[in-house]
Amino acid sequence: MAARFGLPLRWPLGIAPDALIGRTVQGVGRRGKYLLMSLDEGVLLLHLGMSGRLVFGRELASAGRHDHMDLETTQGTLRLHDPRRFGAVVWTSGLDVPPASTLLHRLGVEPLSDAFEPRAFHAALRLRRAAIKQVLLAGDVVVGVGNIYASEALFEAGIRPTVRADRLSLARVERLHGAIRSVLERAVELGGSTLRDFANPFGETGHFQLDAAVYGRCGQACLQCGTPIRMVRQGQRSTYFCPACQRS
DNA sequence: CTATGGACCTGAATGC
DNA sequence: TGCATTCAGGTCCATA
């Protein structure tokens, strides 16, 4: 394969783009929100940030203002489109050495794996005094729970987003564990969330937001009890919750 | 070590 | 209409 790069992304690629000429893609994986593309020599880490989108095709239109990478392969071209450029494409010689190890080493457990287990989750939360919503977002206990899904999972579990993580009983953490799993599984089924112009490589938008119980519904009636949904700010991010269904 | 606020960057929506 | 302000799905980094 070969690659063309435009404006800088979050970090530099780490090698000369020409070093990718002739490499072969051997497989694709994921860790947290990083995509891992293993090559016959090294691994490409890709991250979509907040506004990134991948497009794949054999005859793509000429690159536009926000198209920052074209990865040309014998099967077609993988294009990264990312208006905000919070995304990244980084080459690493292996996952256990920098830069990959630096980026991945603090990531929490995968929520849909067997390693995500209520008692361990509870034990990890007991070490944290920050608000449960912020601990979920931090991603160092469990990964994959972004701003939308954190609000949704806490609603499903009946937990106030501002409660300290270390104050949650095992029983409540068990509910949260189940809620995170069910929210993420449903989101995957629905093809993810689309607030604005997000789309998969085939141009299809996700439908999770049509399904959101609290996210983006400030002032609207709670679907469970009719109480108006409230919005608060936690660490510069919006959090939505029902003040009646999530009393503590 | 944990917790917090700022930083990165652009575009769309909102307010005066 | 025009211009300024606010907000957006992430996460790293410096500071306390």
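Just so it is clear: chains get the letters A, B, ... in the order the sequence lines come, proteins before strands, and each one is counted from 1.
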Integer-rounded Å distance: [N] [atom2] and [X] [atom1]:
X: A/Leu48; N: B/dC9; atom1: CG; atom2: C1'; result: 16 Å
X: A/Leu7; N: B/dG11; atom1: CG; atom2: P; result: 11 Å
X: A/Asp140; N: C/dC13; atom1: CG; atom2: C1'; result: 14 Å
X: A/His105; N: C/dT11; atom1: NE2; atom2: P; result: 14 Å
X: A/Asp82; N: B/dT10; atom1: CG; atom2: P; result: 10 Å
X: A/His81; N: B/dC9; atom1: NE2; atom2: P; result: 17 Å
X: A/Gln234; N: C/dT11; atom1: CD; atom2: C1'; result: 17 Å
X: A/Leu127; N: B/dT2; atom1: CG; atom2: P; result: 8 Å

If you look at every strand shown and take non-hydrogen atoms under 4.0 Å, does [X] touch a base, only sugar-phosphate, or nothing?
X: A/Gly235; answer: nothing
X: A/Arg65; answer: sugar-phosphate
X: A/Arg237; answer: base

>> What I want to check is whether the side chains of A/Gln234 and A/Thr162 have a donor and an acceptor closer together than 3.5 Å.
In response: no
> Side-chain donor-acceptor pair under 3.5 Å between A/His68 and A/Asp82, yes or no?
Replying inline: no
> Which dot-bracket string describes DNA chain B (Watson-Crick N1-N3 plus N6-O4 or O6-N4, or G-U N1-O2 and O6-N3, all under 3.5 Å; [ ] crossing; | other strand)?
Replying inline: .|||||||.|||||||
>> Using a 6.0 Å cut-off, check whether atom CZ of A/Arg181 has over 12 heavy atoms from anything other than its own residue.
In response: yes
> Should the heavy atoms of other residues, nucleotides or ligands under 6.0 Å from CG of A/Asp114 be counted, would the total exceed 12?
Replying inline: no
> Going by the angle between their ring planes, with limits at 30° and 60°, are A/Phe116 and A/His177 parallel, tilted or perpendicular?
Replying inline: tilted
Any side-chain N or O of [X] under 4.0 Å from OP1/OP2 of [N]?
X: A/His47; N: C/dT11; answer: yes
X: A/Ser51; N: C/dG10; answer: no
X: A/Arg106; N: C/dC13; answer: no
X: A/Tyr34; N: C/dC12; answer: yes

Between [options], which nucleotide has the shortest distance from any of its atoms to the side chain of [X]?
X: A/Arg128; options: B/dT2, C/dT11, C/dA8; value: B/dT2
X: A/Tyr240; options: C/dC12, B/dA3, C/dA8; value: C/dA8
X: A/Lys33; options: C/dT11, C/dC12, C/dA8; value: C/dT11

> If you look at every heavy atom in A/Pro17 and A/Ala3, which pair is closest and at what distance?
Replying inline: CB-O, 4.2 Å
>> Does anything in residues 9-17 of chain A come within less than 4.0 Å of DNA chain C? Heavy atoms only, and list the residues if so.
In response: A/Arg10, A/Trp11
> Side chain of A/Arg85, base of B/dC9: donor and acceptor closer than 3.5 Å?
Replying inline: no
>> Tell me whether the side-chain N or O atoms of A/Arg84 pair up with the base of C/dA8 as donor and acceptor below 3.5 Å, since no angle test is needed here.
In response: yes
Taking [X] first and then [Y], would you say they form a salt bridge - that is, a charged N and a carboxylate O separated by under 4.0 Å?
X: A/Arg23; Y: A/Asp40; result: yes
X: A/Arg128; Y: A/Asp140; result: yes
X: A/Asp166; Y: A/Arg129; result: no

>> Stacking between C/dT11 and A/Phe86, yes or no? Criterion: centroid separation under 5.5 angstrom, plane angle under 30 degrees.
In response: no
>> For A/Ala138 and A/Gln236, find the nucleotide of DNA chain C closest to each by heavy atoms; which residue's nucleotide sits nearer the 5' end?
In response: A/Gln236
>> Suppose you measure atom P in B/dG6 against the same atom in C/dT6; what distance do you get, rounded to whole Å?
In response: 14 Å
>> Roughly how many Å apart are B/dG5 and C/dC7, using the P atom of each and rounding to a whole number?
In response: 16 Å
>> Between A/Arg85 (side chain only) and A/Pro8 (backbone N and O only), is there a donor and an acceptor less than 3.5 Å apart?
In response: yes
>> For a salt bridge (charged side-chain N to carboxylate O under 4.0 Å, His left out) check, start with the C-alpha distance between A/Glu110 and A/Arg31, then their side-chain angles and the critical distance, and finish with the verdict.
In response: CA-CA 8 Å; A/Glu110 290 290 335; A/Arg31 178 73 180 97; 2.8 Å; yes
